[in-house]
Amino acid sequence: MSNDGVRVRFAPSPTGSLHVGSARTALYNYLFARHHEGVMVLRIEDTDLKRSTSAHDASIIRDLAWLGLHADEGPNTGGAFGPYRQSERAGIYEEAVQRLLAEGWAYPCFCPQELLDERKQQQLARGQMPKYDRTCLALTPREIEARLAAGERAAIRFRVPVGDVTFVDLIHGPITFSSDVIGDFIIKRTDGGYSYNFAVVVDDASMKITHVIRGEDHVTNTARQMMLFEALNEPAPRYGHHSLILAPDGSKLSKRHGATSIGDFRKMGYLPAAMVNYLVLLSWHPADEREKFSLDELVAEFDLERVSRSPAVFDVQKLNWLNGLYIRELGVSELQDLIAPHLAEAGMEFAPVQRETVAEAVQANLVVLGDAPQYASVFTDRVDLASCPCSEGLFTPGADVVFALAREVFGTMSAEYLPPPQAKELLMQVVALAKERGIKGKSVYHPLRVALTGREEGPELFYLIGGLGKTVLIARLEEAAAYVVERGPKQGVDS
RNA sequence: GGCCCGUUCGUCUAGCGGUUAGGACACCGCCCUCUCAAGGCGGAGAUCACCGGUUCGAACCCGGUACGGGCCA
């Protein structure tokens, strides 16, 4: 299919930070636009002045940038179809309202809210579909003028035409709505504000949007919007509605389910590449069975026809898996920079040589960058052999010899901290010397680990040797040796 | 209440009339390893929501029901 001049838009309301659901919508739009070498427009739908803030506006833009989803046109980038904030487009909406009014597609309505509510209750009581009864459609121009002159405030309603509205959804296929169920809806409120559906249509039309990709919560709006396009004599875009994201309990994903905004995930230390990869997989699947994709690969392969129609449960486990995968792919210096803020936040400071060691040592364990302090703590924690159940490991036969040998070898260190390759050499020396004395394998590694860290698990020993520091290394070996002498070889085994 | 949409392992999904219903996460086991991870290998896990129909044959097509979700107000 030819999609010449594809123009899509992502249109968030700045009433909160970027939600994972919205981010996925943005991603699908971005991928679709890029795939067809089209344009993505960012439009800020800030008509709800009470809840919209410029702080949210800014954070959404920042989060999109963080994900790598750059719009071609938008409030910050500019473009030929601006302004890109709805709050700055009142004139455009008003002009459209006047046009519809002049052409008989719309009419003023003076019905007070209380009356509307009352009629709705009556209709409901009779088991009818609540729908505006068109009282004000009967008003003559003279009556309208008189009431306006008398200072009465009017809302503007769209005169819904009869007949079905059918469209072929890009994801779901044909969907039909009967206009019988759609009452004459308001396009401009008595307070002067323009309704959501109306503003969206005027914007999509004037911004020459060709494809609207959005959440399924908008399917029913589509019928109204298509009527509006027809009335405005503008070609309607094609629509694609993707499913919504659910929480593990099957309900709508919300704050009470924990992290739901892109900002939350960024702070915890998820990588944008993992986020994008996870989000796209939530309801899209390639023709083969690959699971890992870069943004560029997605651009090449993304296809709305392969987007699933059923809602998807947000599964952090799979996100975690992907994040770990991407973390393990990082180069040391890159990882070092990424974990630095998390380490700093935990109050951990490291010497320059140590940083590389710590990053490398911790890499395979990380699920999120925020886990770094937890794993880096082997390098900073104090060791208290007496209160450590693992001190039993210090009494391994030959351990005292290993400590002495290590003490000797580490004493030759030319610097406080050593990079991993050099540290590894030292370890090898200790291992070789121990072997000469008939001590090998587990009997050298294990007691050494316990002596140096007071723990039984942790990164490979040479990282510890390079990153703990000569001073600490020697002090701990001496402590361990003293501990063994003091407690005797049998101690600890029985307790 | 009406109208729309959806329903395949716990989760994300493949499947588009004939398959031992495939993959991934999670789970379990084994290997690797001083340890924790990572990695490799393997296992278990789905009466394809249900009931009818069409067909020689249905997860795939049709109808209904149930359940879930969305929108309107």
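Since the model is a prediction, treat every value here as computed from it, not as a measurement. Order of the sequence lines sets the chain letters (A, B, ...), proteins ahead of strands, with each chain counted from 1.
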A/K252 NZ: over 12 foreign heavy atoms closer than 6.0 Å: no
Sugar-phosphate only, base, or nothing, as touched by A/K131 at under 4.0 Å among non-hydrogen atoms: nothing
Side-chain donor-acceptor contact under 3.5 Å, A/D264 with A/Y270: no
Validation row, ring centre A/F314 to ring centre A/F265 under 6.0 Å: yes
CZ/A/R455: more than 12 non-hydrogen atoms of other groups inside 6.0 Å: yes
Under 3.5 Å on both distances, the Watson-Crick or G-U partner of B/A21: none
Side chain of A/E291 - closest among B/A24, B/A37, B/U11: B/A24
Pairing nucleotide - B/A44, Watson-Crick or G-U, each distance under 3.5 Å: none
Sugar-phosphate, base or nothing in reach of A/G441, heavy atoms under 4.0 Å: nothing
For B/U33, the Watson-Crick or wobble partner whose two distances fall under 3.5 Å: none
Sugar-phosphate, base or nothing in reach of A/S283, heavy atoms under 4.0 Å: sugar-phosphate
Proximity to the side chain of A/F177 - top-ranked nucleotide from B/C36, B/C3, B/A14: B/C3
Phosphate-side-chain proximity, A/T220 and B/C4, N/O vs OP1/OP2 below 4.0 Å: no
Side-chain H-bond candidate by donor/acceptor type, A/S22 with A/R214, under 3.5 Å: no
Nucleotide opposite B/C61 in a Watson-Crick or G-U pair, distances under 3.5 Å: B/G53
Sugar-phosphate, base or nothing in reach of A/L461, heavy atoms under 4.0 Å: base
Opposite nucleotide pairing with B/C72, Watson-Crick or G-U, both atom distances under 3.5 Å: B/G1
Touch class at under 4.0 angstrom, heavy-atom based, for A/E456 against every strand present: base
Pairwise 5' ranking along RNA chain B for A/R328 and A/D117, keeping only the more 5' one: A/R328
Touch class at under 4.0 angstrom, heavy-atom based, for A/R449 against every strand present: base
A/Y445 over B/C34, stacked by centroid distance under 5.5 Å, angle under 30°: yes
Watson-Crick or G-U wobble partner of B/U7, both distances under 3.5 Å: B/A66
N/O (side chain, A/R306) to phosphate O (OP1/OP2, B/G15) under 4.0 Å: yes
